[in-house]
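Structure, as structure tokens:
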Amino acid sequence: MTGTKAPFRPRTPGHVGMYVCGVTVYDLCHIGHARSAIVFDVLRRYLEAKGLAVIYVRNFTDIDDKIIARAARDGIGWRDVAERFIVEYHRDMDALGVLRATVEPKATDHIPDMLALIAGLVEKGMAYAEGGDVYYRVAGFPRYGRLSGRRLDQLQAGARVEVDEKKHDPLDFALWKTSKPGEPTWDSLWGPGRPGWHIECSAMAMAHLGQTIDLHGGGQDLTFPHHENEIAQSEGYTGMEFSRCWMHNGFVTINEEKMSKSLGNFFTIREILDKSPWDRVVTAEALRYFLLGTHYRGPIDFSDEALRGAKAALDGFYDLLGRLREPEGKSEHGGGNEIARAAIEELERQFAAAMDDDLNTAQALGALHHARAEFNRALGKVVSTGMAQQAEAALTRHGQILGLEFHATRRGQIHEAAAHLGARTTLEAIGTVVGGTMLDGDVARLVEARNAARARKDWAGADVIRKQLADAGVILEDRPDGTTRIKR
RNA sequence: GGCGGCGUACCCAAGUGGCUAAGGGAGCAGUCUGCAAAACUGCGAUGCGGCGGUUCGAACCCGCCCGCCGCCUCCA
């Protein structure tokens, strides 16, 4: 609220009520939506990992001009539009590993709450009715503009021409508006109509989290006027502080420019997942990694190159996890145990320090990479199976806080998985068939044949098989002890 | 016009007064290796848009300038 970082202290120790503005469900989500969802998903995961009980409320705006317009265009009902895109939202966000919120309220389920709020504001003189519409009297709320660092006189000077002459002041905003013919309507004290945009968030936040919430989040573009208006409505009504902490994520840009529909420079989550050369699971994780690689408040520029970089960085973790999990090269008398032990401690410390400092996920990823290098170094000096397990657990535990699941068997672990799964099932479980569908049994036979060739120093023959497997998306890595690591 | 943000190596990026300016990607060299891959080691900004200033000390604070972006209207 003060525009500075401040220690986060929830109202009730050990409990956090957080509200994040979700999406208006009239179209597929783009990566800007993904960023917001992922940032606050990570915040929620981290708070929970710290042992706090989090109630996370993320709404759906399911009544809005754009939904009505879309319904008219598609020739279906507005409720059908909303329902369809809620399903699509979940499809995309599930793919990105965004957890469902504790409560995902829809605006239209809270019309009575909104009406109660509006009525209260009118009673207190904070709002006024005018010909079936109800407006909030901004001038009656002295703190208006504090969140976004604006002053009333400046706003008025710069205000664009308002067509709506029902407003007493151009800055006033609609709490309730008369429906046009054919539009969805609800009955109210001021006649049939529908809610303005801002009131829904106040109503839903208070309905689920009480009159003062611990934390409110959303995209940077919502700071003004949406969140400013939420504060005005809520505090005007309750006389209490609405949210103790505000967090706004920066934009995703394309070629350094904000994504927007008018510029046509936006990517939906769907098309990124569909058009990627990699499997969906791999792409989704790379996208998440990419989005967490920059501090949430700053802008982030999306490009194929950036996504490739994220994927390459993740590959390093997968290679390490494969080495930690394989039984080969482990010994109880290894000299790497101390290195690994120290690295785990360092990771715990650095990761927490980064996350505690305004959710610095970029720095947290740096800590994870440092641990990765240390674990690799330890493996070079040999570690025990127990220490390898601890290292693996440390990596996956911290990865999970960021929503990076290191999905067990993406690459490099097929020989483990294949032991107890049918070959076909394994391929599906792994989810990353890099352009090949060779069955595990065939792979195993070819590896055996190649090793036989190597044993009799038939290098040409061995290389033919290596090539054959490579074409099927299987990469072989020979270990010093003569065994072969299989990656696909 | 008002408000705000950004500019760190080839690319991305953390760091916002004081140890050798994190980390990732790409690159080069070396170790290992039949080859390859992976891994490890080393190299790479005497400098953090430019110029001044404050300070024992600044990428980090102040001033001016240059460049880029966003908000002020629906928008994650």
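Labels below follow one simple rule: chain letters A, B, ... track the order of the sequence lines, proteins then strands, and each chain is numbered from 1. Note: hydrogens, waters and symmetry copies are ignored here, and every other heavy atom, side chains too, is used. Bear in mind that the values here come from a model prediction, so they are computed numbers and not experimental data.
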Just compare [options] and give me whichever is closest to any side-chain atom of [X].
| X | options | result |
| --- | --- | --- |
| Thr294(A) | rA14(B), rA38(B), rC40(B) | rA14(B) |
| Val252(A) | rA76(B), rC35(B), rC40(B) | rA76(B) |
| Ala462(A) | rC74(B), rA38(B), rG34(B) | rG34(B) |
| Lys258(A) | rA38(B), rG70(B), rC72(B) | rG70(B) |
| Arg466(A) | rC35(B), rA38(B), rU41(B) | rC35(B) |
| Lys487(A) | rA38(B), rA76(B), rG2(B) | rA38(B) |

Margin query: For His370(A) and Glu374(A): C-alpha separation, side-chain torsions, deciding distance, then whether side chain to side chain donor-acceptor pair (under 3.5 Å) applies.
Written below: CA-CA 6 Å; His370(A) 181 68; Glu374(A) 287 299 288; 4.7 Å; no
Any salt bridge between [X] and [Y], counting N to O under 4.0 Å?
| X | Y | value |
| --- | --- | --- |
| Glu88(A) | Arg84(A) | yes |
| Lys106(A) | Asp62(A) | no |
| Glu228(A) | Arg150(A) | no |
| Lys467(A) | Asp471(A) | yes |
| Asp41(A) | Arg45(A) | yes |
| Arg485(A) | Asp319(A) | no |
| Glu326(A) | Lys487(A) | no |
| Glu405(A) | Arg288(A) | no |

Could you check whether [X] gets within reach of a base, just the sugar-phosphate, or nothing at all, counting any heavy atom under 4.0 Å?
| X | result |
| --- | --- |
| Arg150(A) | base |
| Gly219(A) | sugar-phosphate |
| Lys66(A) | sugar-phosphate |
| Asn376(A) | sugar-phosphate |
| His295(A) | sugar-phosphate |
| Gly218(A) | sugar-phosphate |
| Leu320(A) | nothing |

Note to self: Let's test your reading of the model: under 3.5 Å, does the base of rC12(B) pair with the side chain of Asp301(A) as donor and acceptor?
What the structure shows: no
Note to self: Base of rG34(B), side chain of Arg450(A) - is there a donor-acceptor contact under 3.5 Å?
What the structure shows: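 Yes, a donor-acceptor pair under 3.5 Å.
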Margin query: If you assign Ala460(A) and Gly22(A) each to the RNA chain B nucleotide with the nearest heavy atom, which residue ends up on the more 5' nucleotide?
Written below: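 In this pair, the answer is Ala460(A).
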Check: Hey, which of these two, Leu222(A) or Arg454(A), hits RNA chain B nearer its 5' end, going by closest nucleotide?
Finding: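 Its nearest nucleotide being more 5', the pick is Arg454(A).
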Nearest-angstrom distance, [atom1] atom, [N] to [M]:
| N | M | atom1 | answer |
| --- | --- | --- | --- |
| rC51(B) | rU46(B) | P | 14 Å |
| rC71(B) | rC61(B) | P | 25 Å |
| rA45(B) | rU55(B) | C1' | 25 Å |
| rU16(B) | rG49(B) | P | 15 Å |
| rA13(B) | rA59(B) | C1' | 14 Å |
| rG4(B) | rU41(B) | P | 46 Å |
| rG1(B) | rC60(B) | P | 27 Å |
| rC40(B) | rG50(B) | P | 34 Å |

In whole angstrom, what separates [X]'s [atom1] from [N]'s [atom2]?
| X | N | atom1 | atom2 | value |
| --- | --- | --- | --- | --- |
| His226(A) | rU73(B) | NE2 | P | 16 Å |
| Arg485(A) | rA38(B) | CZ | P | 11 Å |
| Phe224(A) | rC71(B) | CZ | P | 13 Å |
| Phe290(A) | rA14(B) | CZ | P | 11 Å |
| Asp478(A) | rU33(B) | CG | P | 12 Å |
| Phe302(A) | rA13(B) | CZ | P | 14 Å |
| Phe251(A) | rC74(B) | CZ | P | 13 Å |
| Gln220(A) | rC71(B) | CD | C1' | 8 Å |

Next item on the list: Check whether any side-chain N or O of Asn360(A) sits under 4.0 Å from OP1 or OP2 of rA14(B), and answer yes or no.
Entry: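 Answer is no, no contact under 4.0 Å.
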Check: So what's the dot-bracket for RNA chain B: Watson-Crick or G-U pairs under 3.5 Å, [ ] if a pair crosses, | if it pairs off-strand?
Finding: ((((((((.[[[..)..(....]]].(((((.......))))).....[[[[[..)....]]]]])))))))....
Check: Cut-off 3.5 Å, side chains only: do Glu285(A) and Tyr318(A) have a donor facing an acceptor?
Finding: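 Checked: Glu285(A)/Tyr318(A) side chains pair up, N/O donor to acceptor below 3.5 Å.
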Check: Passes salt bridge (Lys or Arg N to Asp or Glu O under 4.0 Å), Arg194(A) versus Asp65(A)? Steps please.
Finding: CA-CA 11 Å; Arg194(A) 58 190 177 94; Asp65(A) 288 346; 2.6 Å; yes
Notebook entry, point to check: Is the centre of the Phe60(A) ring less than 6.0 Å from the centre of the His90(A) ring?
Noted result: yes
Note to self: Please encode protein proximity along nucleotides 21-27 of chain B as a string of B, S and -, counting only heavy-atom distances under 4.0 Å.
What the structure shows: -BSSS--
